[in-house]
Amino acid sequence: MLPPRYDPRDVEPRILARWEKDQPWRCNPQSGKPPYAIVIPPPNITGRLHLGHNLVNTFQDILIRYKRMDGYEACWFPGTDHAGIATQNVVERALAKEGLTRQALGREEFERRVWAWKERYGGEIVEQLKVLGCSCDWSRQRFTLDPGLSRAVRTAFVRLHREGLIYRGDYMIHWCPRCGTALSDIEVEHREIDGHLFYVRYPLEGGGFIPVATTRPETMLGDTAVAVNPRDERYRDLIGRTAVLPLLGRRLPIVGAEEVDPAFGTGALKITPGHDPVDREIGKRYGLPTVDVLNPDGTINEHGGPFAGLERFAAREEIVRRLTAEGLLEKVVPYRHAVGHCQRCETRVEPKVSTQWFVRMRPLAEPAIAAVQDGRIRFVPERWAKVYFDWLEGIRDWCISRQLWWGHRIPAWYGPDGEAFIAHDEAEARALAKNHYGREVPLRQDEDVLDTWFSSALWPFSVMGWPERTEDLAVFYPTAVLVTAFDILFFWVARMVMMGLHFMGEVPFREVLITPFIVDERGQKMSRSKGNMIDALEVKESHGMDALRFAMAGSSTKGRELRFSLRQVDEARNFQNKLWNMARFVLANTEDLPAGAALAGRPLAPEDRWILSRLEGVVEKVRTELERYNFHLATEALYQFTWHELCDWYLELAKLRLQGDDPEARRTCQLVLREALETVVRLLHPIMPFLTEEIWAHLGKEGLLAHAAYPTVRPERRDPVAEAELERFMELVREVRAVRAEVGVPAAAELELVLTSGAGIEALVGHFELALRRLARLRSVRVSPGERPPAGSARGVAGEIAFFLPVGDLVDWPAVRDKIRKDLEKTKAELEKIEARLGNPEFREKASPEVVARAEAEAEALRGRRARLERQLAP
RNA sequence: GGGCGAGUAGCUCAGUGGGAGAGCAUCCGGCUUACAUCCGGAAGGCCAGAGGUUCGAUCCCUCUCUCGCCCA
């Protein structure tokens, strides 16, 4: 006998072990089945499973499992991302604990350490995906630094370069002093901070001052001019004169520039072409020198004169102090402004001119825009397309070089004179160089690595073996859907579309499902520092992974955030237990069912036809909603059906036949129970794979449920007559129960039920007498049209049926009367509204005939109900 | 400054151009032999506010308010 309480800690590891042993997710591109592919958003090797992963991967697994069961060659390509900065940071922190730095180790040794770290911990996240139940084809697992994928990266780089889409040059980039690298625009987060605006007097040659305002006084060390708006009467006459940079004494020409906003600060702008994009433009126009005053670590370099070596903020303080001492600081006012921060380490970034590699984005962006516009790619929810368009339309070139050690080394080799040779490998570079110089020369490879996202952009095809022409690419590209959260829409999704179109000539995926962002129940972002993280693995321990998956699926919405709390998992756990117990019940009651017994051809009871009809409705609903990515609606339909129709009603009704003395009826009931359980288990499998697989095994089925067929739609099972009949029955039971409860009949009392009116109640009682007695706790049921209820007896109305319960002094007559009155009031109010609507000629004229007919039927039913209730009101 | 999302029962949220639902919490009653992670019953809402379109609006349109996010 199975335990009465489902224990996922027993079941889940066993199922997992079986999956591990049988490798059931391996796909076969030659199967001839229609392909259905998903590439996983590769988690970082530093990652630990959090709820965001859980959500995204649960959705993908639901889709893959559904399609696999539904006859597709469903292939889910897994893998991990080397995550340049993130991983380097993690390993550097670990080194710091040993008192080491990467500089002390040297590049080669450091890289060796990161690989060692990757071997040790990088597999953890993959193990966690397995624990989650992800049915990826693990034989196809890839890592972005694998030799094959590295080759893809170099191939893409070389091609883009030869096509003129990659270039190298000196441009203003964002520099993170802590990470010691350039960043792309989108790796910088702008945050409002409370700072200061410093008003500084710059002396003029020949006497006087020009006041300038700045939020970053330390950048004055790189000033090479002062600019004013030529239409600004205050300063117009100063154009052409020269100011003297305080503290350093550098001579600064005063120039005119339209960009200067006379209303901001003093109206005069100090020009620092090395550290401000606007200043750089102005500097270029006037041929001003560019002075970079920052070392890679954020300290002031040799151009800072006496301030060299000071950390940037210390330098700021020191400069302010000196300016004050010299009487050149006019004033300091509080000033709130947006400042860029490194997405990875939250350090304030500095704009800085630097030599970097860039991808020219405009030519890549246009086809990517078109692909969504013409529907080759569809966003779900659709509104994300707008965000995607807005970004691509305003796109700027992408800085792809990073001054890191962990990543794909840039495939550029430099000759002695700095000439760059871009090649797939050193041998090719050597050949190119020899051709260029006419002799062998020593070459030096670029020290930098590529932005992690460069390799990620190639993922949908590099994971399938590109640039080789593989069978996987031929069969599985383009993939069906990409599932991800919106935070990497620009970082990843848009770039995959661009690269996919460019290199494969075809979109990488047909649909993009943007999942909500998980926050805690108060709407706060979950983070370790806030202490509001929900650990997926802890939840697995306490509730089971199926429960977590079910909760995830059930709370998926179209909003942009998803407030998640353990209460939802409690609910899912309860459902899990309900399902388990239903299975126990069915199994225990069908042990004697012969193997070959079939339902086809057997006479069905009304409740059989009802539950099979309802089941059919659920099959249709679940399929429809899964196709639309409405996991919550599929989940809800399964929950409601299983719990509140199958368990609450059908199982209760089934007990009568199972315990009855008609062997044929018993057999039919057993077969319907099996059919219902099997179908529910199949339907639920993509959402709750462990529990359903376990039940499947107990049902004695051959093979894995994961490979069984998904239930198909069989409209011939729809039976509106049976549904209406059962609805009548259930309504009567509910009403008798309600009357009993409200009127104070002791719960255990077995009463007599007398039905006094209602079309076809004889037939109803004929079939359901036993059921009525059992479900409404009755001693007997009698049909007696027109019989007057004894004074003070309990009574009620269920649809078109009127009834009473002769219980003598067991009931509280005023309570009976109050309940009937309450019902009557409600009925009257509803009737009034409907009659008002029907009384409106425009309604009859303009509303659809079905709506009018429905309203009329409703009114008729309410009138009947009103009459019956009024009659029941007599003492 | 521009854009997006959310505002529905005490809480967390579904939902649809034809009159509002779930789970939890609450209250009442039950150990009814699958399940107390359960069973039965009840109560609870001018669907943020104001206009408009419509025979009819929680749903579509406009404006306002509150909260959150993205981009500049």
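None of the values given here were measured: they were computed from a predicted structure. Below, read A as the first sequence line, B as the second, and so on, with proteins coming before strands; counting in each chain starts at 1.
Which of B/A34, B/G15, B/C38 sits closest to the side chain of A/W643 comes down to B/C38. Here the nucleotide nearest the side chain of A/R396, chosen from B/A34, B/C4, B/A72, is B/A72. Looking at the side chain of A/Q568, the nearest of the listed nucleotides B/G18, B/U12, B/G3 is B/U12.
Regarding A/R734, its CZ atom lies at a distance of 10 Å from the P atom of B/A42, rounded to whole Å. For the pair A/N840 CG and B/G56 C1', the computed distance is 8 Å after rounding to whole Å. In this structure, A/D648 atom CG and B/C38 atom C1' are separated by 10 Å, rounded to whole Å. The separation between A/W580 atom CH2 and B/A36 atom P is 14 Å, rounded to whole Å.
For A/K822, a side-chain nitrogen or oxygen approaches OP1 or OP2 of B/A43 to under 4.0 Å. Distances shorter than 4.0 Å separate some side-chain N or O of A/K578 from OP1 or OP2 on B/C39. The phosphate of B/G23 (OP1 or OP2) has a side-chain N or O of A/H644 nearer than 4.0 angstrom. Between A/W649 and B/G40 there is no side-chain polar atom (N or O) within less than 4.0 angstrom of OP1 or OP2. At the phosphate of B/U33, neither OP1 nor OP2 sits under 4.0 Å from any side-chain N or O atom of A/K655. Applying the 4.0 Å criterion to OP1 and OP2 of B/C38, one finds that A/N581 has every side-chain N and O outside that range.
Between A/H174 and A/H190, the two ring planes are perpendicular [angle over 60°; tilted spans 30° to 60°]. In this structure, A/Y388 and A/F379 have tilted ring planes: the angle between them lies in the 30° to 60° band. A tilted orientation is assigned to the rings of A/F486 and A/F517, their planes being inclined by 30° to 60°. Classification of the A/F768-A/F729 ring pair by plane angle, with boundaries at 30° and 60°, yields parallel.
No N or O donor and acceptor, one from the side chain of A/R563 and one from the base of B/U12, sit under 3.5 Å apart. A donor-acceptor contact under 3.5 Å is not formed by the side chain of A/R567 with the base of B/U12. Evaluation of atom-type donor-acceptor distances gives no pair under 3.5 Å for the side chain of A/Q640 against the base of B/A14. Scanning atom types as modelled, no donor and acceptor separated by under 3.5 angstrom connect the side chain of A/R777 and the base of B/G40.
Across all strands shown, the partner of B/C38 is B/G30, judged by Watson-Crick or G-U wobble contacts whose two distances both fall under 3.5 Å. The nucleotide B/G5 finds its pairing partner in B/C67, both defining distances of the Watson-Crick or G-U wobble pair being shorter than 3.5 Å. Summarising the base pairing, B/C11 is matched to B/G23 through a Watson-Crick or G-U wobble pair whose two defining distances lie under 3.5 Å. Using N1 to N3 plus N6-O4 or O6-N4 for Watson-Crick, or N1-O2 and O6-N3 for G-U wobble, each under 3.5 Å, B/G45 pairs with nothing. The pairing partner recorded for B/C55 is B/G18, the criterion being a Watson-Crick or G-U wobble arrangement whose two distances lie under 3.5 angstrom.
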Pair up each side-chain donor or acceptor in residues 853-864 of chain A with any protein partner under 3.5 Å, not counting sequence neighbours, and list the distances.
residue: A/E856; atom: OE2; partner: A/R844; partner atom: NH1; Å: 2.8
residue: A/E856; atom: OE2; partner: A/R844; partner atom: NH2; Å: 3.1
residue: A/E860; atom: OE1; partner: A/R863; partner atom: NH2; Å: 3.3
residue: A/R863; atom: NH1; partner: A/E835; partner atom: OE2; Å: 2.6

